Enquirer: 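Below is a structure I'd like to ask you about.
Quantities reported herein were computed from a predicted structural model and do not represent experimental measurements. Residue numbering restarts at 1 for every chain, and letters A, B, ... go by the order of the sequence lines.
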2 protein chains.
Amino acid sequence: MTVTETAADRLIRIGEVARAAGVSARAVRYYEQQGLLISERSPSGQRLYRQDAVTLVRFFQQMYAAGLTSRRIAELLPCWDSGHTDAEQRAMLRAERDRIQAKVDDLQAALDRLDEVIAITDSHP
Amino acid sequence: MTVTETAADRLIRIGEVARAAGVSARAVRYYEQQGLLISERSPSGQRLYRQDAVTLVRFFQQMYAAGLTSRRIAELLPCWDSGHTDAEQRAMLRAERDRIQAKVDDLQAALDRLDEVIAITDSHP
DNA sequence: CTAAAACCTGACGTTAACGTCAAAGGCAAG
DNA sequence: CTTGCCTTTGACGTTAACGTCAGGTTTTAG
């Protein structure tokens, strides 16, 4: 069907991925080393990524921010790609969900304590 | 007024503080080294803490969980002890509050993404 | 053609809150 | 007295996601 290259087929180099996703090139190489990204190589050896690598990197950042490790993300990636999961993956998904929820609760409690002090000190000119 | 020692005056050793607060003795020494705790010393050199050290340690754990560093906690401790703050401390309080709030939002977003996948995979037997 | 900008691999550096081990002293029970 | 648990200081180890530097190749702009 695609006789000529379409825009969706355009491969981009590491710098463009990094800029578009707001991370460093070093980070992108690290993700690839951790098995989170795959790339083709140009004849000279430069990494070439598909456009959706940018979306992926943003997703990794979100998961990192939520406390998941590279390993965990790699183990759960198939869940997003294929939409299919085995029992082990479902257990991991729920475990991470529960952990994050607990963390949200902890942060909320800390937030309340800070707000409490802020309220008190604001009433003390 | 206090002719004899009251229960509130009882000094406890590091192990009791650690157990009561659910941390290691190593952690308690670390907090003291960071200027978060003060202790008297027995004639033989053992640390002796006041009872409220347990409450303090629990508080430190909560702040650590919220992403504050030892340094920040030390800088803000007077706000709790005295209830008084200067401009710099009020700015730090608000900055930490905002940072934690942003983190809560990030976590919530990640939580939503996980729940999304969980919902999909649960409907795929 | 040439200089700047971007890329490569490899490898050591960073950070924070502890963990862990070593070697030794202290303290109550029996 | 000695067994056993607790404590001391000091110092090196851990972890994860990169930062940073070195030394060399490639691509691009003019």
Side-chain angles (χ1 to χ4, degrees), chain A residues 10-49 53-54 56-77 96 99-100 103 106 110, chain B residues 10-49 53-54 56-77 96 99-100 103 106 110:
Chain A
R10 222 190 94 226
L11 297 177
I12 56 185
R13 294 191 302 174
I14 195 171
E16 193 170 343
V17 175
R19 267 191 311 276
V23 302
S24 67
R26 174 70 174 92
V28 177
R29 288 195 199 94
Y30 177 76
Y31 301 155
E32 184 169 335
Q33 187 184 351
Q34 299 301 305
L36 302 180
L37 283 179
I38 40 180
S39 66
E40 297 177 35
R41 293 300 182 115
S42 77
S44 67
Q46 300 202 342
R47 293 175 177 80
L48 297 176
Y49 297 94
V54 175
L56 271 174
V57 168
R58 290 211 183 95
F59 173 66
F60 298 155
Q61 288 285 111
Q62 186 176 27
M63 293 299 111
Y64 282 134
L68 277 79
T69 63
S70 299
R71 183 164 158 43
R72 213 36 121 216
I73 298 174
E75 289 168 339
L76 294 178
L77 254 188
E96 294 297 340
R99 192 186 50 71
I100 297 174
K103 201 164 180 177
D106 285 351
Chain B
R10 221 189 95 225
L11 296 177
I12 56 185
R13 293 191 302 175
I14 195 171
E16 194 171 341
V17 174
R19 268 192 310 277
V23 303
S24 68
R26 174 70 174 91
V28 177
R29 288 194 200 93
Y30 177 76
Y31 301 156
E32 184 169 335
Q33 189 184 350
Q34 300 300 307
L36 301 181
L37 284 179
I38 41 179
S39 66
E40 298 178 34
R41 291 302 182 112
S42 76
S44 67
Q46 300 200 342
R47 292 176 176 80
L48 297 177
Y49 297 95
V54 175
L56 271 174
V57 168
R58 290 211 183 94
F59 173 66
F60 299 154
Q61 287 287 111
Q62 186 176 27
M63 292 301 109
Y64 282 134
L68 277 78
T69 64
S70 299
R71 184 165 157 43
R72 221 17 131 227
I73 298 175
E75 290 167 339
L76 295 179
L77 254 188
E96 293 298 339
R99 191 186 51 71
I100 296 174
K103 200 165 181 177
D106 286 350

Enquirer: Scan residues 30-42 of chain A against DNA chain D and write down, sorted by residue number, each residue with any heavy atom closer than 4.0 Å; if none is found, say none.
Expert: A:Tyr30, A:Tyr31
Enquirer: Starting at CG of A:Leu11 and ending at C1' of C:dC7, how long is that distance when rounded to a whole Å?
Expert: 16 Å
Enquirer: Is the distance from OP1 or OP2 of C:dA17 to the nearest side-chain N or O of B:Thr69 less than 4.0 Å?
Expert: no
Enquirer: For A:Arg47 versus A:Ser39, what's the shortest heavy-atom pair and its separation?
Expert: CG-OG, 3.8 Å
Enquirer: So if I take residues 12-25 of chain A and measure heavy-atom distances to DNA chain C, which residues fall below 4.0 Å?
Expert: A:Arg13, A:Ile14, A:Gly15
Enquirer: Please check if any side-chain donor atom of A:Tyr31 sits under 3.5 Å from a side-chain acceptor atom of A:Ser70, or the reverse.
Expert: no
Enquirer: Separation of B:Met63 atom CE from C:dA17 atom P, in whole Å?
Expert: 14 Å
Enquirer: Give the nucleotide from the list D:dT7, D:dC18, C:dA17 with an atom nearest to the side chain of B:Gln46.
Expert: D:dT7
Enquirer: So does B:Arg47 reach the base of D:dT7 with its side chain, donor to acceptor, closer than 3.5 Å?
Expert: no
Enquirer: Between B:Ser70 and C:dA16, does any side-chain N or O lie under 4.0 Å from OP1 or OP2?
Expert: no
Enquirer: Take the protein atom OH of B:Tyr49 and the nucleotide atom C1' of D:dC6, then report the distance between them rounded to whole Å.
Expert: 14 Å
Enquirer: Is a salt bridge present between A:Arg13 and A:Glu16, judged by a nitrogen-to-oxygen distance below 4.0 Å?
Expert: no
Enquirer: For A:Ser44 and C:dC7, is the shortest distance between a side-chain N/O and OP1 or OP2 below 4.0 Å?
Expert: no
Enquirer: Between atom CZ in B:Arg26 and atom C1' in C:dG19, what is the gap in whole Å?
Expert: 8 Å
Enquirer: Out of C:dC18, C:dC8, D:dT7, which has the shortest distance to the side chain of B:Arg29?
Expert: D:dT7
